[in-house]
Amino acid sequence: MRIMGLDYGSVTVGVAISDALLLTAQGIEVIRRKQPDKLRQTLARIEELAKEYEVESIVLGYPKNMNNTVGERAQKSEEFAEMLRRRTGLEVILWDERLTTVAAHQALIEGDVRRENRAKVVDKVAAVFILQGYLDKLAMERNSVQTMDCMSEGE
């Protein structure tokens, strides 16, 4: 069982996949579209990857505005999430992605990646950040449940 992370942009979709233990996220590719509104091939590729990696759910970056409102980009992500649900039959979780692309750029700069190379991989790195944030939340929830179980056993 694995989870897929997606950074959905107007021309690209960064893709990351979790390990089987749901601990870490690895970037696997950037899907590029020739036309922003042509999503059929993009959806088909995501469906292929979901089958190949035995994905059970998808975490899709949700680009809310800094004031927590839903703007045009977030609405497009909601529409894309619905297309993914229909196409794959998988659960699609919208995950707040504010500043992930900024963090991805910063990580690549700190890693001394040249500017022209950063542009090729930033969406994949952003997908890793989105998915890793979700995986970390799952891990915290698991640890919290285990702590509660230990406390109730000690009573």
Side-chain angles (χ1 to χ4, degrees), residues 1-33 36-37 39-111 113 118-148:
M1 130 177 143
R2 295 176 191 267
I3 299 174
M4 178 184 285
L6 299 175
D7 180 42
Y8 174 62
S10 56
V11 180
T12 61
V13 178
V15 184
I17 298 287
S18 75
D19 65 326
L21 297 175
L22 304 180
L23 298 174
T24 61
Q26 298 83 36
I28 57 168
E29 75 178 67
V30 175
I31 302 167
R32 298 185 191 286
R33 292 188 301 286
D37 295 335
L39 291 170
R40 195 172 63 230
Q41 289 179 332
T42 299
L43 291 165
R45 181 63 183 146
I46 291 168
E47 185 177 31
E48 285 172 17
L49 291 169
K51 288 177 182 168
E52 178 182 339
Y53 287 94
E54 299 175 348
V55 167
E56 74 163 20
S57 60
I58 297 171
V59 176
L60 176 63
Y62 192 46
K64 293 172 95 175
N65 295 324
M66 291 308 287
N67 65 1
N68 207 32
T69 60
V70 175
E72 183 182 342
R73 287 293 322 144
Q75 288 174 343
K76 287 192 180 294
S77 292
E78 290 171 359
E79 293 165 10
F80 188 63
E82 189 52 41
M83 288 182 225
L84 285 168
R85 286 183 191 103
R86 283 196 309 265
R87 178 77 186 230
T88 65
L90 298 172
E91 174 186 24
V92 178
I93 300 137
L94 292 172
W95 184 256
D96 189 347
E97 69 159 66
R98 282 177 280 188
L99 300 179
T100 55
T101 302
V102 173
H105 273 288
Q106 191 60 40
L108 291 168
I109 289 167
E110 289 173 10
V113 176
R118 282 196 306 261
K120 296 175 189 169
V121 297
V122 70
D123 298 308
K124 180 169 44 173
V125 174
V128 169
F129 277 59
I130 290 165
L131 181 54
Q132 192 62 56
Y134 182 76
L135 295 174
D136 291 348
K137 175 189 156 265
L138 290 180
M140 282 192 334
E141 288 173 353
R142 283 192 302 266
N143 290 337
S144 145
V145 167
Q146 288 172 349
T147 302
M148 297 300 282

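Because the structure is predicted, anything quoted here is derived from the model rather than measured.
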Do other residues, nucleotides or ligands put more than 12 heavy atoms under 6.0 Å from E72 CD?
no
Residue pair L60 / S77: nearest heavy atoms and the distance that separates them:
CD2-O, 3.3 Å
Would you say Q132's side chain and S18's backbone share a donor-acceptor pair under 3.5 angstrom?
no
Tell me the closest heavy-atom pair linking L131 and G5, and the distance in Å.
CD2-N, 3.8 Å
Would the distance check show the side chain of R33 and the main-chain N or O of S10 forming a donor-acceptor pair, the cut-off being under 3.5 Å?
yes
Decide yes or no for E97 and F129: does some side-chain heavy atom of the first lie under 4.5 Å from some side-chain heavy atom of the second?
no
Between L135 and L22, which heavy-atom pair has the shortest distance, and what is it?
CD2-O, 3.6 Å
Would you mind writing out the side-chain donor-acceptor pairs for residues 80-94 within the sub-3.5 Å range, not counting sequence neighbours?
unit_1	atom_1	unit_2	atom_2	d
E82	OE1	R85	NH1	3.4
R85	NH2	V92	O	2.9
R87	NE	E47	OE1	2.8
R87	NH2	E47	OE1	3.3
T88	OG1	L84	O	2.7
T88	OG1	L90	N	3.1

Between K76 and E79, is the salt bridge (charged side-chain N to carboxylate O under 4.0 Å, His left out) condition met? List the steps.
CA-CA 5 Å; K76 287 192 180 294; E79 293 165 10; 5.3 Å; no
With rounding to the nearest 0.5 angstrom, report the CD1 to OH distance, I130 to Y8.
13.0 Å
Look only at the side chain of R32 and the backbone of T12, and say whether a donor-acceptor pair between them is shorter than 3.5 Å.
no
Looking at A126 and D7, what are the two nearest heavy atoms and their distance?
CB-OD2, 3.4 Å
Within a radius of less than 6.0 Å around CD of E48, do more than 12 heavy atoms belonging to other residues, nucleotides or ligands occur?
yes
I31 side chain reached by I46 side chain, heavy atoms, under 4.5 Å:
yes
About how many Å separate CG of D19 and CD1 of I3, when rounded to the nearest 0.5 Å?
10.0 Å
Kindly determine whether I28 and K124 satisfy side chain to side chain contact (heavy atoms under 4.5 Å, CB included), including the steps that lead there.
CA-CA 7 Å; I28 57 168; K124 180 169 44 173; 5.6 Å; no
Walk me through it: do V13 and R45 pass the test side chain to side chain contact (heavy atoms under 4.5 Å, CB included)?
CA-CA 10 Å; V13 178; R45 181 63 183 146; over 6 Å; no
Tell me the closest heavy-atom pair linking A74 and Y62, and the distance in Å.
O-CE1, 3.5 Å
Give me the atom names and distance for the closest heavy-atom approach of G61 to P63.
O-CD, 3.5 Å
